Participant: 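The structure's right below; bear with me while I get my questions together.
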Amino acid sequence: MSRVLRVFDDLGELSRAALRELMQHAEDSVRVRGRFTLALAGGNTPRALYALLAREQAFPWQKSELWLGDERVVPLADPASNAGMVRALLQESPFIPDTVLEPVRTELAPEQAASEYEARLRQRFAHAALPRFDLALLGLGSDGHTASLFPHAPALEEKSAWATSHRPPPAPARITLTYPALNNARHVLFLVAGEDKAEALRRVFVDQGSVKDVPARGIAPTHGTLAFFADRAAAGELRGA
Ligand code: 6PG
């Protein structure tokens, strides 16, 4: 499986390039399949991209569904909520339907929230063997995690569920898509910015440590593409690697 790495001067340029990439996938998906299903990364890095996307009236909003690659089990109003972050950025645009985002039902207990999310996914993907997101956006933690697939976590071993829960101490519980669900996407795009991600990105590319040590290395689309968009600060340790 080939991995594409593109390096940008800064997060702004990275976000603009990611928007162009996202718009192209959306156009292709709607042309071929009439729909565009997108799994969103959480955290801070994608905020700039989502703010740009919210201004894109040309995006096929009426033919798209935005799912979450992972979520913290907190109320929507909580600053840690990924759905809350996305909704706050999208709600400014009158042309974006309220129903475009499929949040996790975080009022449920974590295990129930994961089961309910997966049931909705299975319904959306017509009970296929696996969900086939047209595009999955992912971030990279400085510890090598992605989505809420953390080093040495039980979720890394999940081979059949599409979504599962994770209870790290002391942070809030999380819901995450699993490797089987993410690795069945048509396209996976990591957005990585900041010097604090340089070591993790180097470990992903230079293949140091096991997938358990560096969970982002477990993202290997079975029949899809994999790309990393990084800013210079995050790619600093890759030169010559
Ligand atoms: C989350 C994310 C997580 C994130 C990385 C990077 O919900 O926290 O999905 O995997 O992408 O932790 O986070 P930053 O972009 O905030 O550095």
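For clarity, every value in this text was computed on a predicted model and none was experimentally measured.
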Participant: Side-chain contact, heavy-atom cut-off 4.5 Å: L149 with L182?
Facilitator: yes
Participant: With a 4.5 Å heavy-atom cut-off, do S160 and E158 have their side chains touching?
Facilitator: yes
Participant: Is it the case that over 12 heavy atoms from other parts of the model lie below 6.0 angstrom from the CG atom of D9?
Facilitator: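 Yes, because the 6.0 Å sphere around CG of D9 holds more than 12 heavy atoms from other groups.
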Participant: Any heavy-atom pair between the side chains of P110 and R167 that's under 4.5 Å?
Facilitator: yes
Participant: With a 4.5 Å heavy-atom cut-off, do Y179 and K159 have their side chains touching?
Facilitator: no
Participant: Quick one: side chains of residues 38-54, donor-acceptor pairs under 3.5 Å with protein atoms, not counting sequence neighbours, listed by atom name and distance.
Facilitator:
unit_1	atom_1	unit_2	atom_2	d
N44	OD1	R47	NE	3.0
Y50	OH	A41	N	2.9
Y50	OH	A41	O	2.7

Participant: If Ile, Leu, Val, Met, Phe, Trp and Tyr residues are connected whenever their side-chain heavy atoms lie under 4.5 Å apart, and connections chain through other members, are V74 and L101 in the same group?
Facilitator: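 Unlinked, V74 and L101 end up in two clusters.
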Participant: Are the side chain of T164 and the backbone of A155 linked by a donor-acceptor contact shorter than 3.5 Å?
Facilitator: no
Participant: Can you find a side-chain donor-acceptor pair between H166 and D70 that sits under 3.5 Å?
Facilitator: no
Participant: May I ask you to check whether Q91 and S93 show a side-chain donor-acceptor distance below 3.5 Å?
Facilitator: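 The criterion, which ignores hydrogens and geometry beyond distance, is not satisfied for S93 and Q91.
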Participant: For V204 and V214, run side chain to side chain contact (heavy atoms under 4.5 Å, CB included): C-alpha distance rounded to whole Å, both residues' side-chain angles, the deciding distance at 0.1 Å, then the answer.
Facilitator: CA-CA 7 Å; V204 169; V214 188; 3.8 Å; yes
Participant: Treat each ILVMFWY residue as a node, draw an edge where side-chain heavy atoms are under 4.5 Å apart, and state whether L108 and L68 are in one component.
Facilitator: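 In one cluster: no.
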